[in-house]
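One structure below.
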Number of protein chains: 2
Amino acid sequence: MTTETLNIREMCDAFHVTPRTLRFYESKELLFPVREGQRRLFTKRDRARLKLILRGKRFGFSLEEIRQLLDLYHMNDGQEAQLSKTYKLAERHLSDMEAQKAELEEAISELKEQINWCADKLSQMSKEKTVAA
Amino acid sequence: MTTETLNIREMCDAFHVTPRTLRFYESKELLFPVREGQRRLFTKRDRARLKLILRGKRFGFSLEEIRQLLDLYHMNDGQEAQLSKTYKLAERHLSDMEAQKAELEEAISELKEQINWCADKLSQMSKEKTVAA
DNA sequence: CGTTCCGTTTACGTCAACGTCAGCTTTGCT
DNA sequence: AGCAAAGCTGACGTTGACGTAAACGGAACG
């Protein structure tokens with residue numbers, strides 16, 4: 001049977017993070033590893049959460065923002081008020097992300113242009129060299 | 001004639017940043033305002049650079065990474081070695097950004113799913129309330 | 001049975017990206 | 001001339017997200 005839970009070392013290797021990072025995330029209530037004695041064991045749920053945490057970070061969300069969003073992904077029994085609050089938060093994040101996507105697309109096309117200009121310049125320079133030789 | 005250069009206050013208003021930020025960027029060699037006496041005057045070039053800086057920041061690039069990329073956008077007279085170095089850097093950033101875009105799209109669609117699930121749950125709850133009444 | 005790994009807690013250190021404050025010119029206005 | 005507003009230069013403070021080091025516990029191995 002494939003390991004149901006990971007110890008800290010396995011978890012680190014699986015996600016390329018340090019033990020310090022995992023303990024830190026636990027202290028911030030982003031992860032909730034169970035304990036075997038005093039050692040941490042990371043469950044499937046922790047792995048799903050960590051994946052989302054790392055993704056969120058890549059998009060520039062703070063750990064606190066991510067923590068709130070994680071509630072949405074792991075909500076089963078929320079009260080209506082809480083649920084509706086999280087819902088609104090998620091909608092804001094969604095529109096943030098869509099704006100980000102539009103901007104990203106613009107930035108990509110501009111960067112491509114610059115790269116082409118750059119490539120032209122380089123090929124031009126190598127040509128001149130050949131001619132000079 | 002429309003102002004050719006902006007003083008620090010105008011520059012701040014135009015980009016919604018603080019004077020401290022502009023001085024900080026200058027100290028990090030991201031901006032190069034000219035001086036009129038001891039006061040800074042921001043040129044068109046500075047405005048173009050600041051726009052790119054702020055964009056880069058939104059995508060999670062560090063100021064140092066951005067500084068290197070700016071070299072690409074304002075390169076006219078670079079030596080071949082330098083140009084080719086910057087070119088490679090730009091290509092790495094481009095592929096970073098394209099990977100980021102793909103991930104962002106995935107994240108968006110997942111978040112949308114969750115939001116729909118959430119909306120269902122909420123409408124279901126309000127229905128139950130109505131029935132109970 | 002010693003020691004060598006893991007792992008744990010506690011606590012202080014660090015780095016980026018500014019914020020904030022003090023003290024000093026310079027400029028514009030009256 | 002007087003004075004407030006705007007800018008300048010240090011210099012120290014702050015926040016988020018960890019790094020790093022010290023000191024300890026258990027278990028596994030020769």
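Numbered from 1 within each chain, the chains take letters A, B, ... in sequence-line order. Atoms considered below: every heavy atom in the structure, side chains included; atoms not considered: hydrogens, waters and symmetry mates.
When only modelled atom types and interatomic distance are considered, B:Ser123 and B:Ser126 share no side-chain donor-acceptor pair under 3.5 Å. Side-chain contact annotation: A:Gln82 with A:Thr86, donor-acceptor N/O pair under 3.5 Å present.
Taking 3.5 Å as the limit, the base of C:dT20 and the side chain of B:Arg20 contain a donor-acceptor pair of atoms between them.
Nearer the 5' end of DNA chain D, as judged by each residue's closest nucleotide, is the contact made by B:Glu26, out of A:Phe24 and B:Glu26. Toward the 5' end of DNA chain C, the nearer of the two residues B:Glu64 and B:Gln38, judged by each one's closest nucleotide, is B:Glu64.
With rounding to whole Å, B:Leu41 atom CG is found 11 Å from D:dG7 atom P. In this entry the distance linking CZ of A:Arg35 with C1' of D:dG25 reads 14 Å, nearest Å. Rounded to whole angstrom, the span from the CD1 atom of B:Ile53 across to the P atom of C:dA17 amounts to 11 Å. Rounded to whole Å, the distance from CD on A:Glu65 to C1' on D:dT15 is 14 Å. The distance between atom CZ of B:Arg58 and atom C1' of C:dA17, rounded to the nearest whole Å, is 16 Å. Atom CG in B:Leu30 sits roughly 13 Å away from atom P in C:dA16 (whole-Å rounding). If you take CD1 of A:Ile66 and P of D:dG16, they are 14 Å apart, rounded to a whole angstrom.
A close approach under 4.0 Å does occur between a side-chain nitrogen or oxygen of A:Arg23 and OP1 or OP2 of C:dT8. Remark: B:Arg40 is in phosphate contact with D:dT9, judged by side-chain N or O atoms under 4.0 Å from OP1 or OP2. Considering only side-chain N and O atoms, B:Arg9 lies nowhere under 4.0 angstrom from the phosphate OP1 or OP2 of C:dT27. Remark: A:Asn7 is in phosphate contact with C:dG7, judged by side-chain N or O atoms under 4.0 Å from OP1 or OP2. Proximity of B:Tyr25 to the phosphate of C:dC18: a side-chain N or O atom is located under 4.0 Å from OP1 or OP2. Side-chain nitrogen and oxygen atoms of A:Thr21 include at least one within less than 4.0 Å of the OP1 or OP2 phosphate oxygen of D:dG19. For D:dC18, one of the phosphate oxygens OP1 or OP2 lies less than 4.0 angstrom from a side-chain nitrogen or oxygen of A:Lys57.
Under the 4.0 Å criterion applied to side-chain N and carboxylate O atoms, B:Glu65 and B:Lys57 are not assigned as salt-bridge partners. Taking the charged nitrogens against the carboxylate oxygens, B:Glu105 and A:Lys101 do have a contact shorter than 4.0 Å, which makes a salt bridge.
Out of D:dG7, C:dT9, C:dG19, the shortest distance to the side chain of B:Ile8 is found at D:dG7. In the set C:dG7, D:dC18, C:dA17, C:dG7 carries the atom at the smallest distance from any side-chain atom of A:Arg39.
To the nearest 0.5 Å, the span separating NZ on A:Lys121 from OG on B:Ser84 amounts to 14.5 Å.
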